[in-house]
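Structure record follows, encoded as structure tokens.
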Amino acid sequence: MSSRISKFYQQSPEERLKKVAEFVGLSEDDQKILTGETKFTLEQADRMIENVIGTLPIPIGTAVNFKVNGKDVLVPMATEEPSVVAAVSHAAKYTYDVGGFHTSYSGSIMRAQVQVTGLKDPYFAMAKIYEAKEELLAFCNEQDPTLVSFGGGAIDLEVKMVQGDNEKNEKMVVAHLIVDTKDAMGANAVNTMAEACAPLIEKITGGQVVLRILSNLADRRVVRARAVFKDPFNGDQEAVDRFIYAYELAANDPYRATTHNKGVMNGITAVVLATGNDTRAIEAGAHAYAARSGTYEPLTRYERGENGDIVGTIELPLAVGLVGGATQSHPVAKTATKILNVKTAEELSGIIASIGLAQNFAGLKALATEGIQKGHMKLHARNMAAMAGAKPEQVDEVVKIAAEEESFTFDAIKKIVERLQS
Ligand code: MEV
């Protein structure tokens, strides 16, 4: 089936869910979990975190028009922000007929840091850790036979020297355990290994281990995506120029790059959240990666293509998984992930990166032309129409009139509702 669905936004939530269910084969039970008919209970919530008193429902929208590595996919996005789902679906339209998104992945490689302090001879200690590499990796792998049975586990060791900031001017040695976590995000696996091997590292070096924790700068778990956006400005060369100017500001100014990347993360975080992955891990990693040159830079790049096309790329670390954590324990996240129909963390990452690129493209396209407020207010108008007392069957008509009158203030919408109801 094709993910290229026109006027999806005009359907009711029930009709949309039916389409999505047909597309991926969701059962009746799955559908009830998504709609909330089967409740996410307080008991379930209480098993996830501490001191639970309630839950916060966030809408899940579905992005359409995505083709990633030749496969059509519908993408669940959990977000409270209007325009985000519409924007990615709009952007993906320009890519669909010219191949969609293509991605690559550096592997599910995470790193944990083991910090060794109190060393008189830090360079000597560093050499000793490197000598013990095979012993350390074997010891780490003994901690997680399941991961090893899936072909993952500790695969390498890097040792860094870090200058401390203390009055003794002491250097610290930091051992990086490099671990292939396969289809898990991997925090538990690498933290267990880091904690377990700390006494061994102390014995090898004679120092004292302080921190034993993964790094969220997952720079060996990098995803890249590219897409051609086919003539998005209908041959308007001036608009293409404005788009490229907008990108160039992000490429050369951290004030703009931050907002630019916020737009990227609007898309990325929504899918990360919908699939029950760790949004903070992804955000910390993305922003640190964006600043890896010493200057904060955009996560996406744009160039001029042929005949008014714009070609875009994105590159960022994405430590997301399909096993462990809320991806499986949260019934809604588990069901949302089913919609993606992915088997590996690599596939999931490729889709998330594509969403980030699409989101950012849509943001720049709007900013380079009419600005974002018009589209945003149009979507927000549905909410305002309901708040102003429009009956459900009147909402579309109210928004249509408001768009014709180019007037999206609450007062204007209220007057339209009153007119329709008088
Ligand atoms: C709003 O949530 C995101 C944007 O500000 C991103 C951008 O400026 O590129 C529209």
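Small disclaimer: the values here were computed from a predicted structure and weren't measured. FYI, the numbering just counts along the sequence from 1. In each ligand, atom 1 is the first atom listed, and ligand 1 is the first ligand listed.
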Applying a heavy-atom cut-off of 4.0 Å, say which part of Met265 lies close to ligand 1: side chain, backbone, both or neither.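 The answer is neither.
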Would you mind listing which atoms of ligand 1 come within a distance below 4.0 Å of any non-hydrogen atom of [X]?
X      : result
Leu367 : 7 (C), 8 (O), 9 (O)
Lys262 : 1 (C), 2 (O)
Thr259 : 5 (O), 6 (C), 7 (C), 8 (O), 9 (O)
Glu81  : 1 (C), 2 (O)

Would you kindly check if the NZ (Lys) or CZ (Arg) of Lys230 is within the cone defined by 45 degrees around the ring axis of Tyr94 and under 6.0 Å from the six-membered ring centre? no
Report yes or no: is the cationic atom of Arg242 (NZ for Lys, CZ for Arg) closer than 6.0 Å to the six-membered ring centre of Tyr245, at no more than 45° off its axis?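 No, cation not above the ring by the 6.0 Å, 45° rule.
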Min N/O separation His260 to ligand 1 under 3.5 Å: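 No; every N/O pair is 3.5 Å or more apart.
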Below the 3.5 angstrom mark, is there an N/O of Asn360, backbone or side chain, next to an N/O of ligand 1? no
Find the distance between CE (Met265) and CD (Glu283) and round it off to the nearest 0.5 Å.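 Spacing of CE (Met265) from CD (Glu283) equals 5.0 Å.
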Using the benzene-type ring in the case of Trp, are the ring centres of Phe361 and Phe243 under 6.0 Å apart?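 Here the rings of Phe243 and Phe361 have centres that are less than 6.0 Å from each other.
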Would a line drawn from the ring center of Tyr302 to the ring center of Tyr247 be shorter than 6.0 Å? yes
Is there a heavy atom in Gly363 that sits closer than 4.0 Å to ligand 1?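 In this structure, Gly363 fails to qualify as a contact of ligand 1 - no heavy atom is under 4.0 Å.
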Look at atom 7 (C) of ligand 1 and say which protein heavy atom is nearest, naming residue and atom and giving the distance to 0.1 Å. Arg256 NH2, 3.4 Å
Among protein heavy atoms, which sits nearest to atom 10 (C) of ligand 1, and what does the distance come to when rounded to 0.1 Å?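 For atom 10 (C) of ligand 1, the nearest protein heavy atom comes out as Ile372 CD1, 4.0 Å.
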Does Asp165 CG have over 12 foreign heavy atoms under 6.0 Å away? no
Using salt bridge (charged side-chain N to carboxylate O under 4.0 Å, His left out) as the criterion, list what pairs up with Glu297, not counting sequence neighbours.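 Glu297: salt bridge (charged side-chain N to carboxylate O under 4.0 Å, His left out) contacts with Arg301.
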Could you tell me whether Glu158 and Arg220 have a side-chain N and a carboxylate O separated by less than 4.0 Å? yes
Measuring to protein heavy atoms, does anything land under 4.0 Å from atom 4 (C) of ligand 1?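 False for atom 4 (C) of ligand 1.
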